[in-house]
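Report on the structure given below.
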Protein chains: 2
Amino acid sequence: MAKDARLIDIANALNISVTTVSRALNDKDDISQKTKAAVLEVADMLDYKPNRLAISLRKKKAFNVIGVVLPNVDHYFFSTVLKGVMSKAHLNNYLVIVGESSQDDLKEKEILDEFISYGVSGILIAPTKHSSFEANFAYLKQKRIPYVFMDRTYDEHDTSYVRSDDYHGAYQAVNHLIEKGYQRIAHIKSSDGWSIGTERAKGYRQALTDSGLTCYDELIKSSDTATKEDGYQLTSEFFSMDAPPDAIFTVTDDVASGVYEYAHQHQIDIPSQLGVVGFSNSVLSSILIPKLTTVEQLGEQMGETAFDYFFQIRKDKRHSFQKTFESKLIVRESSQRDK
Amino acid sequence: MAKDARLIDIANALNISVTTVSRALNDKDDISQKTKAAVLEVADMLDYKPNRLAISLRKKKAFNVIGVVLPNVDHYFFSTVLKGVMSKAHLNNYLVIVGESSQDDLKEKEILDEFISYGVSGILIAPTKHSSFEANFAYLKQKRIPYVFMDRTYDEHDTSYVRSDDYHGAYQAVNHLIEKGYQRIAHIKSSDGWSIGTERAKGYRQALTDSGLTCYDELIKSSDTATKEDGYQLTSEFFSMDAPPDAIFTVTDDVASGVYEYAHQHQIDIPSQLGVVGFSNSVLSSILIPKLTTVEQLGEQMGETAFDYFFQIRKDKRHSFQKTFESKLIVRESSQRDK
DNA sequence: TTATTTACCGTAAACGATTTCGTAAACCTT
DNA sequence: AAGGTTTACGAAATCGTTTACGGTAAATAA
């Protein structure tokens, strides 16, 4: 197995210095076209690949390594985000290192510190519910390390981000239920402090208001965990009310699956007696019976775009980019009253 | 922000050479207890953290970096494996770099090459369906880089691995169906060349044979993709037969969800008219209605163990370790005929 | 007493690249 | 022709650590 070619090998072959070779390969200007061409040819012949480790040490920066921090890698949405990042990273010859915060902002900070001391080229992060910008991210700016927020954003700061349009997604979802003739539409939101939860709740309220419907406080319940169990529990609370809702819009598909279970156990038919709309378009949504109407979240595309933004920032060293992915409503069976 | 302490800072503080400091910190023997203690104290005081990049260059090996290669990060099982690896890695101060082969053995090789040229300390890999040991992994041995197979294994070679006991899992699943009184038990297997598929099929056949039941070829169908769609399609084929099965054991939960859809559309009741057992214990299984009886696959534990094995191999430089995780049957509702 | 080992530590050369600084030659400019 | 600028390149330092090698002083052996 032949050893990898180094700069000095190219230099020796051409009787020039490593400095010149380095300049040629890095597109510096202090070099003649002729020499550069010669170097490139020999480099190609020797199948030269720059040594990441050496570059890293010299530059005090890991060469072409992007750090991704996610709350949970085994959560469907985040795993698709990761998939998107990885595909773009691979194309651009970047290595991807991942960390899982487990929704723990302290651990998140730990991971960030690790990544930074490793000298990653950039960071793509989906913050935990509780992360404060000041505590966990403010110092990234000083360190001049490019970073892009994913999913959850900090609007008061000028940062790059990709997220989904939770507000409009929720608005469409509820509006759709109204058009289908549902009257008492409830909402299971996520507990406060989680931006995606409040945005979705806002969209819910606005849709009702715009249609001239009243927005009853007792028809809004909060879930801390956004799990199936919470969905089941809160639905049971709804149905112990004097006037239960005839539709429920849930903050995630997982929560919706809890609604399904309760409905099934109590012979409440979906969608004729109870309309249900979820959020995420996760694998669940087309597996539940009846199939769940939901709002799609383009995790993979978000991941790809996040990487692209990082790449741009790194190149131009100035811009910050934002994109809010429009959330499309995927109408399936769970909201088709007239079906 | 104070700059990170280096060896030379410690050396200066104690008026000794960096060599000595290095020796002290690396537990070499050419050093007195007194000096070592002093170094350790100062190192602690200055909050010294070794510079990964420098060590990497000198050793020509990335310092404490483990590479994980998976067929699909957004597949539930693999994402739990990743989760397990990451938790152990974090505890041991390892960085995790990930690559996704997308079930493409060529891309898998590419990723491996990337990882190796980066000098990862070890590799944990869940091979694609088609990966040949010779083509993709044989050279890892020569490179003396520790590696552990996950999920899919190569029994003819003496390698380390973690996997689940597909054979016994399937055996239990089918045996359970028999005990519940099902008579014509069908199987949707995965297409050939994928070891987990053939093991599960073997378990299926053996359970039937051991109970004195005949194993009909027409009751076994192959799926290339192991998806819901295939499950639906193949179930419809089963039910166009003169004597359709009264139970189906599927190679994955995903496939089982296709069975559910067909059954629901054709008013076939699960479990009274059709028993169903899946494999994986993925999120689906407790969300399907009725809840799916399935065989659990301990992804997270497998990931943790894989990392532990890597760690052991690296330390002792000799052993290889194997573990087959016993696959436990999780009995839920879809197989309870007498329910 | 002299020779040899042992314990401990330092010097300097790596690892493979980038970068600072210097300089010789070529090219203008007046 | 003198002086200035540009072009193209090389020597050497540098990044932070490990390690081969050598040396000194004390301990032990002969």
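Labels below follow one simple rule: chain letters A, B, ... track the order of the sequence lines, proteins then strands, and each chain is numbered from 1. Given the structure is predicted, the values throughout are model-derived calculations rather than measurements.
At the heavy-atom level, B:L57 lies under 4.0 Å from base atoms of the strands shown. Note on A:I8: nothing from the nucleic acid sits closer than 4.0 angstrom, heavy atoms only. A:F63 comes within 4.0 angstrom of no nucleic acid atom, judged by non-hydrogen atoms across all strands. Nucleic acid contact class of A:L53 (heavy atoms, under 4.0 Å, all strands): none.
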Task: Step-by-step side-chain hydrogen bond (donor to acceptor under 3.5 Å, both in side chains) determination, B:T80 to B:E300 - done: CA-CA 5 Å; B:T80 57; B:E300 201 167 336; over 6 Å; no
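A donor N or O paired with an acceptor N or O is found under 3.5 Å between the base of C:dT11 and the side-chain atoms of B:T19. The base of C:dA14 is paired with the side chain of B:R58 by a donor and an acceptor separated by under 3.5 Å.
Of the residues in residues 22-41 of chain A, those with a non-hydrogen atom less than 4.0 angstrom from any atom of DNA chain C are A:S22, A:N26, A:K28.
Residue B:K59 places none of its side-chain N or O atoms closer than 4.0 Å to OP1 or OP2 of D:dT17. OP1 or OP2 of D:dT17 has at least one side-chain nitrogen or oxygen of B:Y48 nearer than 4.0 Å. For B:T20, a side-chain nitrogen or oxygen approaches OP1 or OP2 of C:dG10 to under 4.0 Å.
The separation between B:I16 atom CD1 and C:dG10 atom C1' is 11 Å, rounded to whole Å. Per the geometry, CG belonging to B:L7 stands 13 Å off P belonging to D:dC15, to the nearest Å. Atom-to-atom, CD1 of A:I10 to C1' of C:dG16 comes out at 12 Å; the value is rounded to the nearest Å. Going from atom CG of B:L14 over to atom P of C:dC8 covers 17 Å, rounded to whole Å. Atom NZ of B:K60 and atom C1' of C:dA17 are 13 Å apart (whole Å). Residue A:N12 contributes atom CG, which lies 12 Å from atom P of C:dA17 at whole-angstrom precision. Whole-Å rounding puts the B:K49 NZ to D:dG16 P distance at 16 Å. In this structure, CD1 of A:I55 is placed 15 Å from C1' of D:dT14, rounded to the nearest angstrom.
Along DNA chain C, the nucleotide nearest to B:N15 and the one nearest to A:V18 differ in position, and the one closer to the 5' end is contacted by B:N15.
Looking at A:D74 and B:K83, a side-chain N of the basic residue comes within less than 4.0 Å of a carboxylate O on the acidic one, giving a salt bridge. Salt-bridge annotation for A:K88 and A:D308: present, with a side-chain N of the basic residue lying under 4.0 Å from a carboxylate O of the acidic one. Between B:K109 and B:D105 there is no salt bridge, since none of the side-chain N atoms of the basic residue sits less than 4.0 Å from a carboxylate O of the acidic one. We find that A:D27 and A:K36 are joined by a salt bridge, their nearest charged nitrogen and carboxylate oxygen being less than 4.0 Å apart.
Aromatic ring orientation, B:F307 versus B:F311: parallel (interplanar angle below 30°, classes split at 30° and 60°). Classification of the A:H157-A:F133 ring pair by plane angle, with boundaries at 30° and 60°, yields parallel.
A:K59 forms no cation-pi arrangement with A:F63, by the criterion of a distance under 6.0 Å to the ring centre and an angle within 45° of the ring axis.
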